[in-house]
Protein chains: 2
Amino acid sequence: MAHSYEYPRPALAVDCVVFGFDEGDLKVLLIQRDLEPFAGKWALPGGFVRIEESLDQAALRELKEETGVGKVYLEQLYTFGEPKRDPRERVVTAAYYALVKLSDHRIKGATDARDAAWFSISDLPRVAFDHEGIIETALRRLQGKVRYEPVGFELLPPKFTLTQLQHLYETILETTLDKRNFRKKILGMNLLIETDEIEQDVAHRAARLYRFHEAKYRRLEKEGFNFEL
Amino acid sequence: MAHSYEYPRPALAVDCVVFGFDEGDLKVLLIQRDLEPFAGKWALPGGFVRIEESLDQAALRELKEETGVGKVYLEQLYTFGEPKRDPRERVVTAAYYALVKLSDHRIKGATDARDAAWFSISDLPRVAFDHEGIIETALRRLQGKVRYEPVGFELLPPKFTLTQLQHLYETILETTLDKRNFRKKILGMNLLIETDEIEQDVAHRAARLYRFHEAKYRRLEKEGFNFEL
DNA sequence: CCAAAAGTGTTTCACTTACACCCATGA
DNA sequence: TCATGGGTGTAAGTGAAACACTTTTGG
């Protein structure tokens with residue numbers, strides 16, 4: 001193995017694909033760049049990894065700095081290292097994806113110095129660098145993940161209706177689901193806690209609100225239980 | 001976003017977990033380090049990423065240089081970036097995993113300057129750095145992958161018996177499978193081509209050899225077909 | 001009373017699982 | 001002829017999929 005200092009080093013960055021879900025719409029958080037290259041263009045929140053911090057820490061820090069997003073589900077996605085992906089110089093980026101509850105973060109966006117905004121996944125603007133490919137990769141990963149792990153709840157408020165949950169799955173998986181079968185299956189897992197509250201301010205019969213029983217899921221998971229669909 | 005040259009940069013490496021399958025045993029290829037730190041210890045093949053090459057290229061190059069392994073299935077696994085994972089200085093490593101046909105690579109190992117050897121996954125020596133964790137991550141990934149994509153064939157010779165295939169799955173998934181059900185399922189996919197050859201030099205009835213119909217799989221995959229178990 | 005979404009069961013079909021014996025071959 | 005693994009079918013059970021009407025509520 002060669003010594004590391006014999007060669008020039010690529011720069012190392014992190015970028016985050018932040019997903020939110022709102023009114024049947026899957027959204028991604030983008031920030032407007034204020035520096036070249038691609039100044040003025042939309043891009044994923046991210047930045048360079050500091051010498052003393054882990055990649056996870058770097059991703060969290062950038063997320064906080066650029067978007068105000070705090071407590072989120074965060075997972076490493078893939079590391080992109082094509083030599084020409086940054087026109088200035090060699091930059092390798094460890095991409096992450098995050099799931100946030102829009103109920104917590106609806107206000108954020110234009111809070112920081114930087115301009116940030118949510119875009120529907122089906123109506124993204126042109127983005128800088130290879131970020132379109134990164135977003136695409138993140139979406140595919142989310143589609144895979146949501147089938148066999150209960151990450152969908154990270155995108156919903158703590159209390160939600162079964163219809164909201166179904167719409168979330170339909171949106172992410174780009175499909176439609178049968179209402180009765182969906183409810184049968186999800187309730188059959190006994191991982192939802194029925195609250196005695198109902199949704200408010202709707203012009204029709206109000207649906208019951210449920211919570212996800214995270215602790216119970218963690219317990220079952222350890223015993224080999226598999227969340228599926 | 002800060003300019004990259006304001007800060008010291010981590011070094012960037014790649015490491016490969018190379019899997020092979022031999023006589024019912026899942027193996028990993030390790031090399032003996034000749035430099036500090038951990039000189040003399042076993043470690044994953046890998047090295048630093050050069051400034052003009054992609055991560056995939058770096059992984060392939062290191063694999064070739066250190067082990068002679070050429071045509072393989074190669075996929076990025078995860079990027080490990082804990083600040084202290086290398087005692088000398090900050091090194092971030094993009095880990096890959098590779099699947100090779102031991103029938104092609106049985107001879108290799110001690111060919112290069114470096115000492116290389118195959119170890120059973122169930123009987124690994126102590127390894128350098130955080131490589132044990134990387135191997136563990138790779139194994140879990142392989143276990144997940146093998147269920148819903150036909151990567152198992154990358155570990156078998158081009159022609160194989162159904163029993164070999166079953167043993168491969170049993171080994172990777174650490175379980176046992178019912179012979180009749182396994183054969184029914186795998187043959188029912190119509191992705192195996194029955195050759196008119198049989199295995200040689202066995203002290204009992206010789207089993208028929210099959211090939212994996214890769215082209216057909218690629219076609220079906222595009223139409224939405226899902227390989228499963 | 002109308003519009004809109006909530007909520008609820010049953011039947012059918014496909015797939016998974018469990019299970020045991022005879023056959024072919026080489027030593 | 002014996003030991004070793006190769007090769008084969010069926011029945012029962014479980015889970016997925018299809019499917020439509022009544023109820024509640026607010027406007």
Side-chain angles (χ1 to χ4, degrees), chain A residues 21-25 146-148 150 156-157 159-171 173-211 220 224-229, chain B residues 21-25 146-148 150 156-157 159-171 173-211 220 224-229:
Chain A
F21 182 72
D22 186 33
E23 293 164 16
D25 209 12
V146 93
R147 282 168 216 268
Y148 61 92
L156 291 177
K159 296 171 186 170
F160 49 84
T161 69
L162 294 181
T163 301
Q164 275 181 300
L165 186 62
Q166 182 180 340
H167 286 341
L168 172 66
Y169 276 91
E170 289 177 332
T171 304
L173 298 176
E174 295 170 340
T175 180
T176 62
L177 300 169
D178 179 87
K179 182 162 63 159
R180 278 177 289 191
N181 292 337
F182 178 80
R183 291 160 105 95
K184 212 183 311 164
K185 179 138 194 190
I186 201 87
L187 290 175
M189 292 183 189
N190 284 311
L191 284 172
L192 295 191
I193 305 167
E194 181 177 316
T195 73
D196 49 9
E197 295 169 69
I198 54 174
E199 62 179 340
Q200 301 295 320
D201 302 316
V202 287
H204 52 79
R205 177 174 175 182
R208 163 153 271 119
L209 293 174
Y210 291 82
R211 305 162 118 295
L220 291 172
F225 169 81
N226 257 357
F227 184 93
E228 223 184 295
L229 219 182
Chain B
F21 182 74
D22 186 31
E23 294 164 17
D25 209 13
V146 92
R147 282 169 216 268
Y148 60 92
L156 291 176
K159 295 170 187 170
F160 50 84
T161 70
L162 294 181
T163 300
Q164 275 180 300
L165 186 62
Q166 182 180 342
H167 287 340
L168 172 66
Y169 275 91
E170 289 176 333
T171 305
L173 299 175
E174 294 169 340
T175 181
T176 61
L177 300 169
D178 179 86
K179 182 162 63 159
R180 278 178 289 191
N181 293 338
F182 178 80
R183 292 159 105 93
K184 211 185 311 167
K185 179 139 194 187
I186 200 86
L187 290 175
M189 292 183 192
N190 284 311
L191 284 172
L192 296 190
I193 304 166
E194 180 177 317
T195 73
D196 49 8
E197 295 169 70
I198 55 175
E199 61 179 342
Q200 301 296 318
D201 304 315
V202 287
H204 52 78
R205 175 173 174 182
R208 163 153 272 120
L209 294 174
Y210 291 82
R211 306 162 119 293
L220 290 173
F225 170 81
N226 258 359
F227 184 93
E228 224 183 296
L229 221 180

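Being a predicted model, the structure only gives us computed values, none of them experimental.
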>> Both B:Leu229 and A:His204 contact DNA chain C. Which one's nearest nucleotide lies toward the 5' end?
In response: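 Between the two, 5'-proximity favours A:His204.
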
Measure the distance from [atom1] on [X] to [atom2] on [N] and round it to the nearest whole Å.
X	N	atom1	atom2	value
B:Asn226	C:dC15	CG	P	14 Å
A:Leu209	C:dG7	CG	C1'	15 Å
B:Met189	C:dT16	CE	P	9 Å
B:Gln200	C:dT25	CD	P	12 Å
B:Gln166	D:dG5	CD	P	13 Å
A:Leu177	D:dC19	CG	C1'	15 Å
A:Leu187	C:dA6	CG	C1'	13 Å
B:Leu162	D:dG7	CG	C1'	10 Å

> B:Thr161 near the nucleic acid: base, sugar-phosphate alone, or nothing, with a heavy-atom cut-off under 4.0 Å?
Replying inline: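 Answer is nothing: B:Thr161 stays at 4.0 Å or more from every strand.
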
So, does the side chain of [X] form a donor-acceptor pair with the base of [N] at under 3.5 Å?
X	N	value
A:Lys179	C:dG7	yes
A:Arg180	D:dA20	yes
B:Lys184	C:dT16	no

> Are any of the side-chain nitrogens in B:Lys159 or B:Glu197 under 4.0 Å away from the carboxylate oxygens of its partner?
Replying inline: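 Between B:Glu197 and B:Lys159 there is a salt bridge, with a charged N closer than 4.0 Å to a carboxylate O.
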
> Yes or no on side chain to side chain donor-acceptor pair (under 3.5 Å) for A:Glu170 and A:His167, after CA distance, side-chain angles and deciding distance?
Replying inline: CA-CA 5 Å; A:Glu170 289 177 332; A:His167 286 341; 3.3 Å; yes

> If you round to the nearest 0.5 Å, how far is CZ of A:Arg147 from OH of A:Tyr169?
Replying inline: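 One gets 11.0 Å once the value is rounded to the nearest 0.5 Å.
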
> For the atom pair CZ (A:Arg183) and CG (A:Asn181), what is the distance rounded to the nearest 0.5 Å?
Replying inline: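 Taking CZ in A:Arg183 and CG in A:Asn181, the distance rounds to 11.5 Å.
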
> What nucleotide among C:dC23, D:dT25, D:dA18 has an atom nearest to a side-chain atom of A:Asn181?
Replying inline: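 Of C:dC23, D:dT25, D:dA18, D:dA18 is nearest to the side chain of A:Asn181.
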
> Between A:Asp178 and B:Arg208, which is nearer to the 5' end of DNA chain D once each is assigned its nearest nucleotide?
Replying inline: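 Here B:Arg208 is the residue nearer the 5' end.
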
> Does a side-chain N or O from B:Arg183 land closer than 4.0 Å to OP1 or OP2 of D:dT8, or not?
Replying inline: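 Looking at the OP1 and OP2 atoms of D:dT8, neither is under 4.0 Å from any side-chain N or O of B:Arg183.
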
> Counting only side-chain N and O atoms of B:Lys185, is one of them less than 4.0 Å from OP1 or OP2 of C:dT16?
Replying inline: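 So the side-chain polar atoms of B:Lys185 do come within 4.0 Å of the phosphate oxygens OP1 or OP2 of C:dT16, strictly under.
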
>> Pair A:Phe21, A:Leu156 - check side chain to side chain contact (heavy atoms under 4.5 Å, CB included), show working.
In response: CA-CA 7 Å; A:Phe21 182 72; A:Leu156 291 177; 4.0 Å; yes

